[in-house]
2 protein chains.
Amino acid sequence: MLITVDPASPQPLADQVAASVRAALASGTAAPGDRLPSARNVAATLGINLHTVLRGYQQLRDEGLVELRRGRTAVITDAADQFRLRLAAAAEEFARAALHAGASEEEALAAVREALLAMRG
Amino acid sequence: MLITVDPASPQPLADQVAASVRAALASGTAAPGDRLPSARNVAATLGINLHTVLRGYQQLRDEGLVELRRGRTAVITDAADQFRLRLAAAAEEFARAALHAGASEEEALAAVREALLAMRG
DNA sequence: CCAACTGTTTGCTTTTGACTATAACACTGC
DNA sequence: GCAGTGTTATAGTCAAAAGCAAACAGTTGG
(Lines give C-alpha, C1' and ligand atoms only; values in the text may rest on other atoms or scores of the structure.)
Protein backbone atom coordinates (compact mmCIF):
# COMPACT_ATOMS: atom_id res chain seq x y z
CA MET A 1 0.00 0.00 0.00
CA LEU A 2 2.09 2.84 -1.35
CA ILE A 3 1.02 6.46 -1.14
CA THR A 4 2.72 9.00 -3.36
CA VAL A 5 2.38 12.73 -3.86
CA ASP A 6 3.66 15.34 -6.29
CA PRO A 7 4.35 18.70 -4.58
CA ALA A 8 4.66 20.39 -7.97
CA SER A 9 1.12 19.48 -8.98
CA PRO A 10 -1.58 22.15 -8.64
CA GLN A 11 -3.80 19.48 -7.12
CA PRO A 12 -4.04 19.82 -3.32
CA LEU A 13 -1.82 17.38 -1.44
CA ALA A 14 -4.70 16.03 0.61
CA ASP A 15 -6.59 15.23 -2.60
CA GLN A 16 -3.54 13.47 -3.96
CA VAL A 17 -3.30 11.33 -0.86
CA ALA A 18 -6.93 10.30 -1.24
CA ALA A 19 -6.51 9.73 -4.98
CA SER A 20 -3.49 7.58 -4.27
CA VAL A 21 -5.53 5.29 -2.07
CA ARG A 22 -8.39 5.20 -4.58
CA ALA A 23 -5.91 4.19 -7.26
CA ALA A 24 -4.69 1.32 -5.10
CA LEU A 25 -8.29 0.23 -4.70
CA ALA A 26 -9.05 0.53 -8.39
CA SER A 27 -6.00 -1.47 -9.38
CA GLY A 28 -6.57 -4.15 -6.78
CA THR A 29 -3.37 -3.31 -4.92
CA ALA A 30 -5.51 -2.76 -1.84
CA ALA A 31 -8.64 -4.64 -0.86
CA PRO A 32 -11.40 -4.42 1.77
CA GLY A 33 -10.05 -5.32 5.20
CA ASP A 34 -6.60 -3.94 4.44
CA ARG A 35 -5.26 -1.13 6.58
CA LEU A 36 -3.78 2.15 5.49
CA PRO A 37 -0.40 3.21 6.89
CA SER A 38 -0.73 5.55 9.85
CA ALA A 39 -1.14 9.22 9.00
CA ARG A 40 1.96 10.13 10.99
CA ASN A 41 3.95 7.54 9.11
CA VAL A 42 2.78 8.80 5.72
CA ALA A 43 3.39 12.41 6.70
CA ALA A 44 6.94 11.65 7.77
CA THR A 45 7.67 9.55 4.70
CA LEU A 46 6.34 12.09 2.22
CA GLY A 47 7.67 15.08 4.11
CA ILE A 48 4.25 16.67 4.47
CA ASN A 49 2.12 17.57 7.46
CA LEU A 50 0.08 15.18 9.55
CA HIS A 51 -3.04 17.28 9.02
CA THR A 52 -2.69 17.15 5.27
CA VAL A 53 -2.64 13.35 5.30
CA LEU A 54 -5.56 13.18 7.70
CA ARG A 55 -7.61 15.45 5.47
CA GLY A 56 -7.04 13.01 2.66
CA TYR A 57 -8.05 10.12 4.89
CA GLN A 58 -11.18 11.96 5.96
CA GLN A 59 -12.17 12.44 2.34
CA LEU A 60 -12.06 8.69 1.98
CA ARG A 61 -14.10 8.27 5.14
CA ASP A 62 -16.71 10.71 3.83
CA GLU A 63 -16.92 8.57 0.70
CA GLY A 64 -17.34 5.46 2.80
CA LEU A 65 -14.16 3.87 1.51
CA VAL A 66 -12.36 3.60 4.82
CA GLU A 67 -13.30 3.46 8.47
CA LEU A 68 -11.46 5.75 10.87
CA ARG A 69 -11.28 5.32 14.62
CA ARG A 70 -8.74 6.81 16.97
CA GLY A 71 -6.27 4.38 18.33
CA ARG A 72 -6.47 2.31 15.15
CA THR A 73 -5.19 2.76 11.63
CA ALA A 74 -7.72 3.30 8.86
CA VAL A 75 -9.41 0.16 7.56
CA ILE A 76 -10.68 -0.26 4.00
CA THR A 77 -14.41 -1.00 3.98
CA ASP A 78 -16.32 -3.49 1.88
CA ALA A 79 -17.95 -0.64 -0.03
CA ALA A 80 -14.61 0.02 -1.66
CA ASP A 81 -15.14 -2.96 -3.93
CA GLN A 82 -17.47 -0.96 -6.15
CA PHE A 83 -14.76 1.21 -7.59
CA ARG A 84 -14.28 -0.69 -10.79
CA LEU A 85 -18.02 -0.67 -11.25
CA ARG A 86 -18.20 3.08 -10.85
CA LEU A 87 -15.53 3.61 -13.48
CA ALA A 88 -17.36 1.30 -15.86
CA ALA A 89 -20.64 3.15 -15.27
CA ALA A 90 -19.02 6.51 -15.96
CA ALA A 91 -17.44 5.15 -19.13
CA GLU A 92 -20.76 3.81 -20.31
CA GLU A 93 -22.43 7.15 -19.74
CA PHE A 94 -19.74 8.92 -21.75
CA ALA A 95 -19.89 6.35 -24.53
CA ARG A 96 -23.62 6.91 -24.86
CA ALA A 97 -23.11 10.68 -25.09
CA ALA A 98 -20.31 10.29 -27.62
CA LEU A 99 -22.34 8.04 -29.86
CA HIS A 100 -25.31 10.36 -29.61
CA ALA A 101 -23.09 13.21 -30.76
CA GLY A 102 -22.07 11.13 -33.75
CA ALA A 103 -18.45 10.73 -32.73
CA SER A 104 -16.28 7.91 -33.97
CA GLU A 105 -14.43 5.72 -31.53
CA GLU A 106 -11.17 7.47 -32.34
CA GLU A 107 -12.72 10.88 -31.83
CA ALA A 108 -14.23 9.81 -28.53
CA LEU A 109 -10.96 8.42 -27.25
CA ALA A 110 -9.07 11.51 -28.40
CA ALA A 111 -11.52 13.71 -26.51
CA VAL A 112 -10.97 11.69 -23.34
CA ARG A 113 -7.20 11.86 -23.72
CA GLU A 114 -7.40 15.61 -24.11
CA ALA A 115 -9.67 16.01 -21.11
CA LEU A 116 -7.41 13.86 -18.95
CA LEU A 117 -4.39 15.81 -20.06
CA ALA A 118 -5.99 19.16 -19.37
CA MET A 119 -7.11 17.95 -15.99
CA ARG A 120 -3.98 16.46 -14.48
CA GLY A 121 -1.84 18.60 -16.62
CA MET B 1 -26.47 35.69 -24.08
CA LEU B 2 -26.66 35.44 -20.34
CA ILE B 3 -23.61 35.03 -18.15
CA THR B 4 -24.05 33.88 -14.58
CA VAL B 5 -21.69 33.22 -11.69
CA ASP B 6 -21.88 31.72 -8.24
CA PRO B 7 -19.56 33.48 -5.77
CA ALA B 8 -20.11 30.67 -3.27
CA SER B 9 -18.67 28.05 -5.61
CA PRO B 10 -15.08 26.93 -5.10
CA GLN B 11 -14.61 27.21 -8.86
CA PRO B 12 -12.72 30.38 -9.81
CA LEU B 13 -15.00 33.17 -11.05
CA ALA B 14 -13.07 33.54 -14.31
CA ASP B 15 -13.57 29.84 -15.01
CA GLN B 16 -17.25 30.20 -14.30
CA VAL B 17 -17.52 33.05 -16.78
CA ALA B 18 -15.89 30.93 -19.48
CA ALA B 19 -18.00 27.91 -18.56
CA SER B 20 -21.12 30.04 -18.79
CA VAL B 21 -20.30 30.99 -22.36
CA ARG B 22 -19.40 27.40 -23.29
CA ALA B 23 -22.74 26.26 -21.93
CA ALA B 24 -24.53 28.82 -24.10
CA LEU B 25 -22.64 27.51 -27.11
CA ALA B 26 -23.35 23.89 -26.34
CA SER B 27 -27.04 24.56 -25.84
CA GLY B 28 -27.35 26.63 -28.98
CA THR B 29 -28.23 29.79 -27.07
CA ALA B 30 -25.23 31.41 -28.72
CA ALA B 31 -23.94 30.78 -32.23
CA PRO B 32 -20.89 31.68 -34.33
CA GLY B 33 -20.97 35.37 -35.27
CA ASP B 34 -22.75 36.37 -32.09
CA ARG B 35 -21.05 38.82 -29.78
CA LEU B 36 -20.45 38.54 -26.07
CA PRO B 37 -21.46 41.42 -23.82
CA SER B 38 -18.56 43.75 -23.04
CA ALA B 39 -16.35 42.72 -20.15
CA ARG B 40 -17.05 45.96 -18.32
CA ASN B 41 -20.75 45.39 -18.70
CA VAL B 42 -20.58 41.84 -17.38
CA ALA B 43 -18.34 42.90 -14.50
CA ALA B 44 -20.75 45.63 -13.46
CA THR B 45 -23.80 43.39 -13.80
CA LEU B 46 -22.34 40.51 -11.82
CA GLY B 47 -20.60 42.74 -9.31
CA ILE B 48 -17.18 41.29 -10.06
CA ASN B 49 -13.97 42.77 -11.37
CA LEU B 50 -13.23 43.66 -14.97
CA HIS B 51 -10.05 41.58 -14.90
CA THR B 52 -11.89 38.50 -13.74
CA VAL B 53 -14.29 38.65 -16.68
CA LEU B 54 -11.46 39.30 -19.12
CA ARG B 55 -9.55 36.31 -17.81
CA GLY B 56 -12.57 34.19 -18.54
CA TYR B 57 -12.82 35.68 -22.04
CA GLN B 58 -9.14 35.01 -22.63
CA GLN B 59 -9.63 31.37 -21.72
CA LEU B 60 -12.21 31.19 -24.49
CA ARG B 61 -9.84 32.92 -26.88
CA ASP B 62 -7.10 30.42 -26.03
CA GLU B 63 -9.57 27.67 -26.87
CA GLY B 64 -10.37 29.34 -30.17
CA LEU B 65 -14.01 29.86 -29.28
CA VAL B 66 -14.04 33.64 -29.47
CA GLU B 67 -12.05 36.34 -31.18
CA LEU B 68 -10.88 39.26 -29.07
CA ARG B 69 -9.77 42.62 -30.40
CA ARG B 70 -9.62 45.86 -28.53
CA GLY B 71 -12.25 48.32 -29.43
CA ARG B 72 -14.66 45.51 -30.27
CA THR B 73 -16.66 43.11 -28.18
CA ALA B 74 -15.72 39.44 -28.32
CA VAL B 75 -17.05 37.56 -31.35
CA ILE B 76 -17.89 33.87 -31.35
CA THR B 77 -15.84 32.07 -33.99
CA ASP B 78 -16.96 29.46 -36.48
CA ALA B 79 -14.73 26.92 -34.76
CA ALA B 80 -17.19 26.88 -31.90
CA ASP B 81 -19.39 24.21 -33.38
CA GLN B 82 -21.58 22.32 -31.01
CA PHE B 83 -20.40 18.85 -31.84
CA ARG B 84 -16.93 19.32 -30.47
CA LEU B 85 -18.21 21.17 -27.46
CA ARG B 86 -20.65 18.50 -26.47
CA LEU B 87 -18.14 15.77 -26.94
CA ALA B 88 -15.54 17.73 -24.99
CA ALA B 89 -18.02 18.38 -22.20
CA ALA B 90 -18.90 14.71 -21.92
CA ALA B 91 -15.24 13.73 -22.01
CA GLU B 92 -14.45 16.23 -19.30
CA GLU B 93 -17.17 14.87 -17.08
CA PHE B 94 -15.93 11.34 -17.54
CA ALA B 95 -12.32 12.36 -16.98
CA ARG B 96 -13.28 13.95 -13.71
CA ALA B 97 -15.03 10.80 -12.57
CA ALA B 98 -12.12 8.63 -13.69
CA LEU B 99 -9.53 10.72 -11.88
CA HIS B 100 -11.68 10.80 -8.80
CA ALA B 101 -11.86 7.03 -8.95
CA GLY B 102 -8.09 6.95 -9.03
CA ALA B 103 -7.90 5.41 -12.47
CA SER B 104 -4.80 5.83 -14.59
CA GLU B 105 -5.07 7.21 -18.10
CA GLU B 106 -4.72 3.72 -19.54
CA GLU B 107 -7.40 2.32 -17.28
CA ALA B 108 -9.76 5.16 -18.15
CA LEU B 109 -9.24 4.74 -21.88
CA ALA B 110 -9.63 0.98 -21.63
CA ALA B 111 -12.92 1.44 -19.83
CA VAL B 112 -14.16 3.72 -22.61
CA ARG B 113 -13.07 1.31 -25.35
CA GLU B 114 -14.90 -1.47 -23.62
CA ALA B 115 -18.04 0.59 -23.20
CA LEU B 116 -18.02 1.69 -26.84
CA LEU B 117 -17.51 -1.85 -27.99
CA ALA B 118 -20.31 -3.20 -25.87
CA MET B 119 -22.58 -0.46 -27.12
CA ARG B 120 -22.22 -0.60 -30.88
CA GLY B 121 -20.98 -4.15 -31.06
C1' DC C 1 -12.87 64.57 -36.61
C1' DC C 2 -14.26 63.13 -32.15
C1' DA C 3 -16.45 61.29 -28.29
C1' DA C 4 -17.55 57.08 -26.33
C1' DC C 5 -16.98 52.87 -26.23
C1' DT C 6 -13.92 48.40 -26.55
C1' DG C 7 -9.98 45.05 -24.98
C1' DT C 8 -4.90 45.44 -23.20
C1' DT C 9 -1.47 46.20 -19.96
C1' DT C 10 0.73 47.41 -15.63
C1' DG C 11 1.31 47.56 -10.66
C1' DC C 12 -0.39 46.99 -6.41
C1' DT C 13 -3.46 45.46 -2.47
C1' DT C 14 -6.83 42.36 -0.37
C1' DT C 15 -8.72 37.99 0.35
C1' DT C 16 -8.98 33.18 0.43
C1' DG C 17 -7.55 28.56 0.91
C1' DA C 18 -3.96 25.05 1.32
C1' DC C 19 -0.40 23.85 4.01
C1' DT C 20 2.50 23.93 8.05
C1' DA C 21 3.53 23.92 13.03
C1' DT C 22 2.69 22.77 17.69
C1' DA C 23 0.19 20.94 21.25
C1' DA C 24 -3.08 18.65 23.87
C1' DC C 25 -6.69 15.09 23.92
C1' DA C 26 -8.97 10.34 23.83
C1' DC C 27 -8.92 5.88 22.43
C1' DT C 28 -6.70 1.07 21.09
C1' DG C 29 -3.67 -2.76 21.46
C1' DC C 30 0.13 -5.15 23.36
C1' DG D 1 1.54 1.27 31.65
C1' DC D 2 2.86 2.70 27.37
C1' DA D 3 3.51 3.50 22.75
C1' DG D 4 0.90 4.27 18.94
C1' DT D 5 -3.42 5.80 16.81
C1' DG D 6 -6.97 9.35 15.03
C1' DT D 7 -9.16 13.88 16.79
C1' DT D 8 -9.30 18.56 17.84
C1' DA D 9 -7.71 23.30 18.46
C1' DT D 10 -4.97 27.38 17.59
C1' DA D 11 -1.94 30.02 15.05
C1' DG D 12 1.35 31.08 11.38
C1' DT D 13 3.06 30.93 6.34
C1' DC D 14 2.50 31.09 1.60
C1' DA D 15 0.58 31.39 -3.15
C1' DA D 16 -3.27 31.94 -6.12
C1' DA D 17 -7.54 34.30 -7.02
C1' DA D 18 -9.70 38.35 -7.11
C1' DG D 19 -10.04 43.11 -6.55
C1' DC D 20 -8.67 48.10 -7.29
C1' DA D 21 -6.87 51.91 -10.06
C1' DA D 22 -4.91 54.01 -13.86
C1' DA D 23 -3.20 54.51 -18.23
C1' DC D 24 -2.93 52.71 -23.10
C1' DA D 25 -4.51 51.56 -27.93
C1' DG D 26 -7.60 50.27 -30.89
C1' DT D 27 -12.91 50.48 -33.01
C1' DT D 28 -17.29 52.41 -33.75
C1' DG D 29 -20.75 55.66 -35.07
C1' DG D 30 -22.57 60.22 -35.16
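- DNA chain C is contacted by both B:Leu36 and A:Ala14; B:Leu36 maps to the nucleotide lying nearer its 5′ end (nearest heavy atom per residue).
- Remark: B:His100 NE2 to B:Arg96 CZ distance equals 11.0 Å, nearest 0.5 Å.
- Hydrophobic clustering, with ILVMFWY side chains joined whenever heavy atoms are under 4.5 angstrom apart, keeps A:Ile48 apart from A:Leu50.
- A:Leu54 places its CG atom 14 Å from the P atom of D:dA9, with the value rounded to the nearest Å.
- Partner A:Leu36 forms a side chain to side chain contact (heavy atoms under 4.5 Å, CB included) with one of A:Leu65, A:Val21, A:Leu68, A:Ile3 and no other, that one being A:Val21.
- Phosphate contact (OP1/OP2 of C:dC5, side-chain N/O of B:Arg35, threshold under 4.0 Å): absent.
- Here the P atom of nucleotide D:dA18 and the CG atom of B:Asp6 are 12 Å apart, to the nearest Å.
- Residue B:Asn49 contributes atom CG, which lies 16 Å from atom P of C:dT13 at whole-angstrom precision.
- Separation of atoms CG (B:Leu109) and CG (A:Leu116) is listed at 6.0 Å; rounding is to 0.5 Å.
- Residue B:Gln58 places no side-chain N or O under 4.0 Å from the OP1 or OP2 atom of C:dG7.
- Spacing between atom CG of B:Leu50 and atom P of D:dA22 amounts to 14 Å, rounded to whole angstrom units.
- Neither OP1 nor OP2 of D:dT5 sits under 4.0 Å from any side-chain N or O of A:Arg69.
- Of the listed nucleotides (C:dT20, D:dG19, D:dT5), D:dG19 has the atom at the smallest distance from the side chain of B:Arg55.
- Contact annotation: A:Arg61 side-chain N/O to D:dT7 OP1/OP2 distance is under 4.0 Å.
- Candidate nucleotides D:dT28, D:dG6, C:dT8 were compared by shortest atom distance to the side chain of B:Arg72, and D:dT28 ranks first.
- No hydrogens or angles were tested; on distance alone, nothing pairs the side chain of B:His51 with the base of C:dT8 as donor and acceptor under 3.5 Å.
- Between the axis at the start and the axis at the end of the helix from C:dC1-D:dG30 to C:dC30-D:dG1 there is an angle of 30°, using five pairs per end and rounding to 10 degrees.
- Straight-line distance from the CG atom of B:Leu68 to the C1' atom of D:dG26: 13 Å, rounded to whole Å.
- Crowding of A:Glu114 atom CD: a count of heavy atoms from other residues, nucleotides or ligands under 6.0 Å not exceeding 12.
- Not one N or O on the side chain of B:Asp15 forms a donor-acceptor pair closer than 3.5 Å with the backbone of B:Pro12.
- Using a 4.0 Å cut-off between charged nitrogen and carboxylate oxygen, A:Glu63 and A:Arg61 do not count as a salt-bridge pair.
- Residue A:Thr52 has a polar side-chain atom (N or O) positioned under 4.0 Å from OP1 or OP2 of C:dT20.
- You'll find that the side chain of B:Ile48 is closest to D:dG19, out of C:dG7, D:dT7, D:dG19.
- Between B:Ser38 and the phosphate of C:dT6, there is a side-chain N or O to OP1/OP2 separation shorter than 4.0 Å.
- In terms of position on DNA chain D, the residue among A:Arg70 and B:Gln11 whose nearest nucleotide sits closer to the 5' end is A:Arg70.
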